[in-house]
Amino acid sequence: MAGQSYAVIGMGRFGASVAQALYNMGYDVMVIDENEERIQDHINIATHAVQADSTDEQALREVGIRNFDVVVVAIGADIQASILTTLILKEMGVKMIVAKAQNERHGQVLYKVGADRVVFPERDMGLRLAHNLVSPNVLDFVELAEDYSIAEVAAPEKMDGKSLQELDIRAKFGVNVMAIKSGNSFNIAPSASDTIKEGDVLIVIGHNDDLKKFEEES
Ligand code: ADP
């Protein structure tokens, strides 16, 4: 959303990457870390850089954390600090808290103490890489629920010039083509007669077992 302001707590590799990307897109970003050196290293990728311990409620109050639309808790190894920070942010009434989890259990606790969204960067990247290794045409893979996912699959040569009807992907594999990316254009409601070109990207949704079959065939 235009004009959104962000605060990122924890300038490890993940937090710094989130902050830098937001800053490059022109958003207001405040970064917080308890480590002075980390703050000095990241002063140029943020609108404000503040040294503070995020488990100290008073310190968060002083930096006006409540005024930010989204606060990202990117504290990695120190699970206790990540949980306590999330809890304090929730109690302070922060509108949107996104927290990074080290593992499933940590993620569950983060939701319990008030995170609106929990991300698992290592798990998700590992999942993507594994799918991409099995089939290099799989560009992205996002788990929706335990058994259902969305995959972005580059159309192989054998699909070139064929319509969705001819390919009959739903009947053959049980997966649904939700959208087709072709160069810069995006067809978000593909019809049966739409044809695929090699290199188009199909965004498909389905059961993991069916997606696996589709990926192997692609
Ligand atoms: P990554 O795995 O993304 O590299 P790290 O765990 O290495 O993450 O980095 C987390 C960062 O969070 C470190 O720079 C650390 O100084 C900072 N950090 C940890 N605890 C707190 C805290 N209570 N308040 C502020 N920053 C913290």
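All of these numbers come straight from a predicted model, not from anything done at the bench. Index from 1, following the sequence.
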For a quick test of reading the model, state the closest non-hydrogen atom pair linking Ala74 to Gly15 and the distance between them.
CB-CA, 3.5 Å
Test item: Arg61 and Ile65 side chains (from C-beta on) under 4.5 Å apart, heavy atoms
no
Check for me, please, whether Leu22 and Phe14 land in the same ILVMFWY cluster - side-chain distances under 4.5 Å, paths through other members count.
yes
Ser135 and Asn137: side chain donor to acceptor below 3.5 Å:
no
Is there a side chain to side chain contact (heavy atoms under 4.5 Å, CB included) between Lys172 and Ile169 once you walk through the steps?
CA-CA 5 Å; Lys172 276 196 196 138; Ile169 293 169; 6.0 Å; no
Side chain to side chain contact (heavy atoms under 4.5 Å, CB included) between Asp56 and Leu60, worked out:
CA-CA 7 Å; Asp56 174 356; Leu60 290 181; over 6 Å; no
Please check if atom CD in Gln58 has more than 12 non-hydrogen atoms from other residues, nucleotides or ligands closer than 6.0 Å.
yes
Would you check if Val175 and Ile205 make a side-chain contact, meaning some heavy-atom pair closer than 4.5 Å?
no
Between Val119 and Phe68, is there shared hydrophobic-cluster membership here, with clusters defined by ILVMFWY side-chain heavy atoms closer than 4.5 Å?
no
Is the number of heavy atoms from other residues, nucleotides or ligands under 6.0 Å of Glu157 CD greater than 12?
no
The reported gap from CD1 in Ile203 to CE in Met178 (rounded to nearest 0.5 angstrom) is 6.5 Å
Check whether more than 12 heavy atoms from other residues, nucleotides or ligands sit under 6.0 Å from atom CD of Glu36, and answer yes or no.
yes
For the residue pair Ser163 and Glu166, confirm or rule out a side-chain donor-acceptor distance under 3.5 Å.
yes
Nearest 0.5 Å, please: how far is CZ in Phe173 from CG in Asp210?
10.0 Å
Dump the intermediate steps for side chain to side chain contact (heavy atoms under 4.5 Å, CB included) on Ile97 and Lys90, then the final yes or no.
CA-CA 8 Å; Ile97 305 166; Lys90 185 71 184 177; 4.0 Å; yes
Following the transitive rule for hydrophobic clusters with a side-chain heavy-atom cut-off under 4.5 Å over Ile, Leu, Val, Met, Phe, Trp and Tyr, establish whether Tyr6 and Val118 coincide in one cluster.
no
In terms of heavy-atom contacts, does CZ of Arg123 have more than 12 from other residues, nucleotides or ligands at under 6.0 Å?
yes
Report yes if the side chains of Asp116 and Lys95 come closer than 4.5 Å at any heavy-atom pair, otherwise no.
no
Check: Asn208 side chain, Glu146 main-chain N or O, donor-acceptor pair, under 3.5 Å:
yes
Minimum heavy-atom separation for Ile43 and Ala49, please, with both atom names.
CG1-CB, 3.9 Å
Hey, mind stepping through Ser5 and Tyr27 against side chain to side chain contact (heavy atoms under 4.5 Å, CB included) and telling me if it holds?
CA-CA 6 Å; Ser5 61; Tyr27 290 100; over 6 Å; no
With the side chain counted from C-beta on, respond yes when Tyr148 and Glu143 share a heavy-atom pair under 4.5 Å apart, and no when they do not.
no
Hey, is the main chain of Gly10 close enough, under 3.5 Å, to the side chain of Arg38 for a donor-acceptor pair?
no
Between Ala81 and Thr85 the two heavy atoms that sit nearest each other are O-OG1, 2.6 Å
Side-chain touch Glu198/Lys158, heavy atoms, less than 4.5 angstrom:
no
Rounded to the nearest 0.5 Å, how far apart are CD of Gln165 and CG of Asp194?
11.0 Å
Kindly compute the distance separating CE (Met11) from CD (Glu34), expressed to the nearest 0.5 Å.
12.5 Å
How many angstroms lie between CG in Asn176 and CD1 in Ile150, if you round to the nearest 0.5 Å?
11.0 Å
Taking all non-hydrogen atoms of both residues into account, name the closest pair between Gly161 and Thr195 and its distance.
O-CG2, 3.9 Å
Residues in side-chain hydrogen bond (donor to acceptor under 3.5 Å, both in side chains) contact with His207, at least two apart in sequence or another chain:
none
Check ion pair Glu122-Lys100 (N to O, under 4.0 angstrom):
yes
Pairwise side-chain contact, Ile9 with Val72, heavy-atom cut-off 4.5 Å (strictly under)
no
In terms of hydrophobic clustering (I, L, V, M, F, W, Y; side-chain heavy atoms under 4.5 Å; direct or indirect links), are Ile32 and Val29 co-clustered?
no
What do you reckon, is CG of Leu133 surrounded by more than 12 foreign heavy atoms closer than 6.0 Å?
yes
Ser182 versus Lys197, side-chain donor and acceptor atoms under 3.5 Å
yes
Take atom NZ of Lys112 as the centre, draw a 6.0 Å sphere, and report whether it contains more than 12 heavy atoms from other residues, nucleotides or ligands.
no
Under a 4.0 Å N-O cut-off, is there an ion pair linking Glu152 with Lys181?
yes
One should read off an interatomic distance between Leu110 CG and Thr86 OG1, to the nearest 0.5 angstrom, of 5.0 Å
Using side-chain heavy atoms (C-beta onward) and a distance below 4.5 Å, is Asp78 in contact with Gln80?
yes
Over all heavy atoms of both residues, which pair between Pro190 and Ile180 is shortest? Give the atoms and the distance, please.
CB-CD1, 3.7 Å
Report whether Val70 and Met25 are members of the same hydrophobic cluster (ILVMFWY, side-chain heavy atoms less than 4.5 Å apart, transitive linking).
yes
Close side-chain approach of Val153 to Phe214, heavy-atom, < 4.5 Å
yes
May I ask you to decide whether Lys213 forms a salt bridge with Glu217, counting only side-chain N to carboxylate O separations under 4.0 Å?
no
Kindly give the heavy-atom pair with the smallest separation between Val31 and Ala19, and that separation in Å.
CG1-CB, 3.6 Å
Taking ring-ring contact (aromatic ring centres under 6.0 Å, His included) as the test, write out the residues that go with Tyr23, two or more places apart.
none
